[in-house]
Amino acid sequence: MSSPGVTESQDAEQPARAAGPEQPHESTRRTGGGDLSTRALSLLQTGVGRNAGLVVALLLLCVVGAFTAGDRFASTDNALTILRLAATIGVVSIGMTFVITGGGIDLSVGAILALSSVWCTTLATQVIAEDTHWIVMAGVALLVGIGCGLVNGVLISYGRVVPFIATLAMLASARGLAEIISLRRTQIVTVPGFRDFFTARLLGVEVQVWLFALVAVIGWVVLNRTTFGRRTIAVGGNPEAARLAGINVRRHTVLLYVLVGVCCAIAALMLVARTTTGSSTHGTLYELDAIAAVVIGGTLLSGGRGTIVGTVFGVLIFTTLTNVFTLNNRSISEQSLLKGAIIVVAVLLQQRLANRKSSE
Amino acid sequence: MSSPGVTESQDAEQPARAAGPEQPHESTRRTGGGDLSTRALSLLQTGVGRNAGLVVALLLLCVVGAFTAGDRFASTDNALTILRLAATIGVVSIGMTFVITGGGIDLSVGAILALSSVWCTTLATQVIAEDTHWIVMAGVALLVGIGCGLVNGVLISYGRVVPFIATLAMLASARGLAEIISLRRTQIVTVPGFRDFFTARLLGVEVQVWLFALVAVIGWVVLNRTTFGRRTIAVGGNPEAARLAGINVRRHTVLLYVLVGVCCAIAALMLVARTTTGSSTHGTLYELDAIAAVVIGGTLLSGGRGTIVGTVFGVLIFTTLTNVFTLNNRSISEQSLLKGAIIVVAVLLQQRLANRKSSE
Amino acid sequence: ACTSNTPSTENEDASGQQAQNVVANDEPGDEVVIGFSAPAADHGWMGSITTSAKKAAEQYSDVDLRVAEGTNDVNLQISQVETFINDGVDAIVLLPFDGAAMTPVAMKAMEAGIPVINVDREFDDPNAARVTVLGDNYGMGVSAGTYICSQLEGQSDAVVAEIAGIDSLPLTQDRSQGFEDALKSCGLDVDNRVAADFTVEGGERAASNLLQAAPKIDAIWNHDDDQGVGVLAAIQNANRDEFFMVGGAGSANAMRSIKEGGSVLQATVIYPSTQAADGIKLARLLAQEKALGDLVEVEVPREVQLYAPVVTKENVDQFLPTAFES
Amino acid sequence: MHGIVKEFPGVRALDGVDLDVRPGEVHCLLGQNGAGKSTLIKVLSASYQPDEGTIRWDGEEVSLPTPVSAMKLGISTIYQELDLVPGLTVAENVFLGHELSRGGISQTATANSRTRALLERLGHPEISATRLVETLSPASQQIVSMARALSHETKLLVLDEPSAVLDGEEVENLFHVMEGLTAEGVAIVYISHRLEEIRRIGDRITVLKDGATVATGLPVSETPTSELIRLMTGRSIEYVFPDRTGRVDTSTDPVLKVEGLALGGTFSGVDLEVHAGEIVGLAGLVGAGRSEIVETVYGARRATAGTVTVDGKKLRRGSVSAAVAAGMGLCPEERKSQGLLLGEPISNNVTISSMGRFARWGFLRRGDEKSEAERLTEQLDVRPRGVTRPVGKLSGGNQQKVVLARWLLRGCRVLLLDEPTRGVDVGARSEIYALIRSLADEGVAVVVVSSEVEEVLGLADRVLVVREGRVVHESAATELDESRVLDLVMEGKVA
Ligand SMILES: Nc1ncnc2c1ncn2[C@@H]1O[C@H](COP(=O)(O)OP(=O)(O)OP(=O)(O)O)[C@@H](O)[C@H]1O
Ligand SMILES: Nc1ncnc2c1ncn2[C@@H]1O[C@H](COP(=O)(O)OP(=O)(O)OP(=O)(O)O)[C@@H](O)[C@H]1O
Ligand SMILES: [Mg+2]
Ligand SMILES: [Mg+2]
């Protein structure tokens, strides 16, 4: 863009809105083009360019952390603490990125997580698991996740209930069911091996963090390099056009909700290992945290455009923020006052920097 | 539309989605047309027809209530209790209807309510109010609501921050500020007259219930019968077209968020009167409740179409549900399990009935 | 009229009194860094927990208190404790959102040589804490139940209602269990039960519906005085006064109202909001390797369980000074 | 307007354009797809701000910061993309932005009656002022846009391809209105790709090419069509339909066979056979139900009766996936809302229906994908070049080519084309005709829906005339002429 005035005047009277196109991303793909030989480089550049604001925001946070808390912040241990915290909500957010990119939303992630955690730690499950292998617990959690996702997906696809309402209903029901199953008690895990697996270290880093990394990488590949990802973008961007182009929009939508269900189940397992408990209170308000991370990352809430890298940054920004706050001993109220301000600043930064990038 | 088959098959493979068109309403306006002489009648019919599912759902709930709880449910007192409880969230939901119709969303309603309630019950405010008139407290609450709405609106309109994120930030900040101001204490109202005003009865019904009715009626008139309402629909339905038609989309968006801020302030006053306190915990999770009521009522989450009558029904369904459950002494877990199911049934019912209606 | 808008004077009194019982242990010692984490301060009692913990720490020039953001997400709370461990604090005072879920990380802290003082909600492994300061949730229910039994003596058909707090919390389960058991011993049971959410608004909402559900009530136990403000407002709205009410937790508001009389609120069961403050004090002693002054023991004991007394008009003056403003 | 320059990221859409319009004339703006016509008029209506250049109004230089300022001067615009609010009624859309109200309260009755008057003037009293706009057909929506433009005090009316969604009769109607306006001294800027329309209504012509004015103020009566085409395209094109080459072999089984197809109350009893290599045209008025027929054949709407068979295989009702799997393809009528993922790059829009070909175990080979997309877009001459550009930034005609490229890539057995040349310039038009014919020659069965009778007759081998949801006539294209088709199409109406 040779003149900055152009884009500005174009949407001079257009406020940001959920369903509207968003400026920062308009030209991201374009820079991604180029020769095969320079692909890797340009890929890296695109990744940074598109997320420049997020990178800067995260770096700023780290600088603040290092300044105010010194070595207490800038240590490997602390970094791992941040990553461990990010892992659970991160896995959920990756799933959420898909659903939102596909034009939907899932408010029931926290409740599905809770139900999974409860069901895989019931006495019955644990008895079987003890007799056989802890993998049984993982299987139960996954089945619950898939089941809930299936119900969400079918209601939305075939019942034509709007996603917000369908998953809100699931939120209420799944948590209610979790409470009924657990009798509102915290269920303690006694199966040996289960916890050991998730908290074991590989190259000095816990398995659950590796798991997060793995889910993120798989998520990135699926969204950007597979037909499934392409279809997700199509379904989210213009479902009618996708349908007329021969994509089975309904089935794909169901798959998306199942996918997020699976992510919730994985997160549930991680949380169960981390707390050695299953409980109906696990994952409270995860829906808001996950959506916030996804949207801050740059995925369009109206669907049709999603970024896994952005989501990972979004999650890291939120968790680092909490960490810096904890290290700095701010009052809780001040923290939430500041949190609001920081969110806005991060988004504005992201916008300005992305605009700059795209105009170069 | 001449045949029921058309609409159905048209979206044969189209799942419901946030940004997609919704069936039940396609033909609402059309039936509203007709001769001037029969307008009032057709208006009534439209109102019922469009909301047939909601009416049926509410009636069903009442039948269940009357059957299981007898006179305890079917009494004037109980009806008034339901209305009183509906009043606060109802006023907030009316405001939310406007924002959502205008293509936005407001997650900060609960926090704005809390901040208003706290600010209008600080020692300083109450001292002044006692010396002058309780109306000072109302003024303070309104100023807080307008201020928060203005910040939201400006961030969204001129800062181009997506509504979800801007209001999420406001949610964190406003609650943090409310806590700082109140030192997290429950502030008790001592100003005479304040509480008396809101809980006084007019024709046997409390002023706060009348206030809800008034806000609903004004909301209906504004949305359906004024330029402001037309423009709200235009801004939400096709912001580009609205801009080209000469509407100041940015300013209008700011006004919408101010409007919802005012509604929050009114709700705050009602809640302060009802509980005799201002507190930073007031209005927790109102954002979800309000959005759920609005969406169940039939307002499109993607903007461009809203119904105040539907929202009122949505609010009444939710409050009646809780009432019936409590009268029946059900546990909270059972309540939430069933709540999910009932939400889905209500929506499916609403869809089927509205489809039927529109095809006649 | 009672108002919390005049807290300054009373509060000064309260802390002044605390400051009075200075013992030898309060002499400054080595600098101690204490990490503190508690659930979200989304209601008055929990808010007062943090406030009084901070106040306790401020009394000592040798205590550096680090307060983490209050949270109801165990995942986040775990990471806060992990941060404290990385940080190498001298002791951790922990009021867990869910005791069992915080056990592994507490254990980790203990293994790292950092004493953990467990407050209010118990871990499921005794080795995860050096000291446990326990409120007595079950005992609270028993106290309330016993008091109601004594007031309703002989009326075996009396209607008793219960307004619980957040129903999915273990502590609510314990309180309700204690209440039920105590009532049973005098032939009563809970006729109507609703749950609120520890907030004023939730209390008002739950009580409004409850009063419709039960046209005639003899006694109500409300788990929490903070939500009790709302419950009383609802009772006032409904113009009902045929019953008496027992509160819970023991806020200053509630006590002043009891003292004044004339309201349905006759008594409240104390659930000390100073638990965390005690935790801070104990943490400091542990870190400085001191013992409890009034005991013969050379070590701080493993468990301190607080008492849940019933406050009525007769003894309210005794408790009012230490009550929390909500 | 003088020396107007407008740049978009990576594209110089306008590069020093001049345009002057006199009162009472119809000034036609010509140019290939992507020449910058729409951009120019958006600058004129202050929807875009120009980077350079001046605008004079009545001899005085004016600056137009917002659309309102343009409206105040008396400039009304009908944009190429329909710019109505779906959730508002016809009357509300007409008066959007200058609502009739007293003290903020709408005067619905007045608005409705004035809207009715406007619609009557436009020759469409059948459109109800209280209907929701989204329930109207595109043609009716175009009328509503017209009504809105006329609801202002207009001195200059700008029409960007209004005839694209209209059929012959409608266009004639439009011209009557335009003549009425010019008689009152209103100036009109008219954009269309149909040169015969320009002959019919235009006074002077300005030709744009690649964002620059190549000729301005040409009097219509003195400029031959071939000259215009040469100015627009830089070469001379014979604007003709390709020869019908081989005889279609009708002895074999038809590729596409439709029997007794019906859809609710929209159409019924449609029988259709298309053989390999054959092009069948559907003619009819706007609203006759032709779009619904092809969409139902394609499975996008669930038929209430009848069967669709491809290569002897019966298709499942209401399933697009089954139709696509059987080798069908559809270029929908509304490319923006039905055809394209506007935010996605051109390449993804081209390959969306044949992703399987570029995927191994679900993983896409993006290099192959891109080079195939490049090959096809070059073949179809999509401008500007480069397949990573978001398709929403292309001009209307180029977007149509992208949709065509999609089905070319997939290699269909049956191709359904709904208004394939709507909004496509003359140069591209003949290329598309040639392309369709060559596809047929390769053995594809083609169905073409078009509102231009000439196009149906010139392109198709066999023509079906549709009126009010029924096929009223079927014969070889060579047996029909334009007036005969018009008679058939209108019969019911005239009588
Ligand atoms: N918003 C935009 N951003 C970037 N490029 C654009 C934008 N709008 C138009 N263009 C480009 O500007 C050029 C001119 O487009 P324009 O729409 O004015 O063409 P047109 O002459 O109206 O073509 P058509 O006859 O197909 O409608 C095209 O190359 C187009 O790709
Ligand atoms: N969304 C809709 N809702 C209700 N009726 C509609 C809708 N779309 C079209 N119709 C009606 O269906 C009939 C056929 O419409 P359509 O305009 O698609 O026919 P067509 O012959 O394909 O015309 P063309 O393709 O030339 O525009 C008309 O009577 C039209 O009014
Ligand atoms: Mg154009
Ligand atoms: Mg059509």
Side-chain angles (χ1 to χ4, degrees), chain B residues 69 71-73 75 77-82 84-85 88-89 113-114 117 121-127 175 179 182-190 192 195 199 206 271-286 319 322-333 335, chain C residues 1-8 11 40-44 46-48 50-51 161 164 166-168 190-215 225-234 236-239 251-253 324-326:
Chain B
D71 285 349
R72 288 182 299 138
F73 178 82
S75 68
D77 261 357
N78 194 46
L80 282 181
T81 303
I82 294 178
R84 222 176 16 239
L85 291 179
T88 325
I89 186 75
L113 192 156
S117 84
T121 54
T122 54
L123 194 58
T125 318
Q126 291 207 43
V127 166
R175 241 184 237 291
E179 286 174 12
S182 67
L183 300 170
R184 277 197 240 106
R185 299 232 170 97
T186 307
Q187 301 179 153
I188 294 173
V189 177
T190 54
R195 186 154 189 272
T199 52
E206 269 120 335
L271 195 58
V272 168
R274 214 171 77 213
T275 63
T276 67
T277 61
S279 156
S280 57
T281 63
H282 280 348
T284 313
L285 291 188
Y286 266 35
T319 32
T322 315
N323 183 265
V324 172
F325 275 131
T326 311
L327 293 181
N328 280 298
N329 217 357
R330 314 304 311 172
S331 89
I332 295 265
S333 311
Q335 287 192 24
Chain C
C2 55
T3 167
S4 63
N5 288 321
T6 48
S8 42
N11 246 43
D42 46 18
H43 61 288
M46 197 57 88
S48 150
T50 313
T51 321
I166 297 173
D167 227 359
S168 54
V190 178
D191 296 279
N192 288 85
R193 184 180 185 281
V194 289
D197 55 3
F198 286 138
T199 68
V200 179
E201 195 197 341
E204 202 271 345
R205 194 183 315 134
S208 292
N209 280 322
L210 173 79
L211 292 173
Q212 289 303 326
D225 283 339
D226 203 38
Q227 73 186 20
V229 177
V231 172
L232 286 173
Q236 205 181 334
N237 288 338
N239 272 326
S251 76
N253 272 332
F324 69 95
E325 293 288 347
S326 69

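If you're wondering where the values come from, they're calculated on a predicted model, not measured in any experiment. Proteins get letters first, then strands, A, B, ... in listed order; numbering begins at 1 in each.
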#### Entry: Most chain C-contacting option - heavy-atom pairs closer than 4.5 Å, from Ala69(B), Ser333(B), Ser182(B), Gly283(B)
Gly283(B)
#### Entry: Part of Asp191(C) lying under 4.5 Å from any heavy atom of chain B
backbone
### Query
Ser75(B) versus chain C, heavy atoms under 4.5 Å apart: side chain, backbone, both or neither?
side chain
### Message
What verdict does the side chain to side chain contact (heavy atoms under 4.5 Å, CB included) test give for Arg195(B) and Asn237(C), after you've listed the backbone C-alpha separation in whole Å, the side-chain angles of each residue and the deciding distance to 0.1 Å?
### Response
CA-CA 11 Å; Arg195(B) 186 154 189 272; Asn237(C) 288 338; 2.6 Å; yes
### Query
Quick one: of Leu271(B), Thr276(B), Asp71(B), who has the most non-hydrogen atom pairs under 4.5 Å with chain C?
Leu271(B)
### Query
What pair of heavy atoms forms the shortest contact from Leu327(B) to Asn209(C), and how long is it?
CD2-O, 4.2 Å
#### Entry: CZ on Arg84(B) to CD on Glu204(C), rounded to 0.5 Å
7.0 Å
### Message
A side-chain contact here means heavy atoms from C-beta on lying under 4.5 Å apart; do Ile188(B) and Asn253(C) qualify?
### Response
yes
### Query
Using a distance-only test with no angle check, is there a side-chain donor-acceptor pair under 3.5 angstrom linking Thr186(B) and Asp226(C)?
yes
## Note on the structure
Scored by heavy-atom pairs under 4.5 Å with chain B, the best of Ala214(C), Gly202(C), Ala206(C), Ser208(C) is Ser208(C)
### Task
Find the distance between CG (Asp167(C)) and CD (Gln335(B)) and round it off to the nearest 0.5 Å.
9.5 Å
#### Entry: CG on Asn78(B) to CD on Gln212(C), rounded to 0.5 Å
4.5 Å
### Query
Hey, what do you get for CG (Asn328(B)) to CG (Asn192(C)), rounding to the nearest 0.5 Å?
10.5 Å
### Query
How close do Glu201(C) and Thr281(B) get, heavy atom to heavy atom, and via which atoms?
OE1-O, 4.5 Å
### Task
Locate the shortest heavy-atom distance separating Leu210(C) from Thr326(B); write the atom from each residue and the value.
N-CG2, 4.1 Å
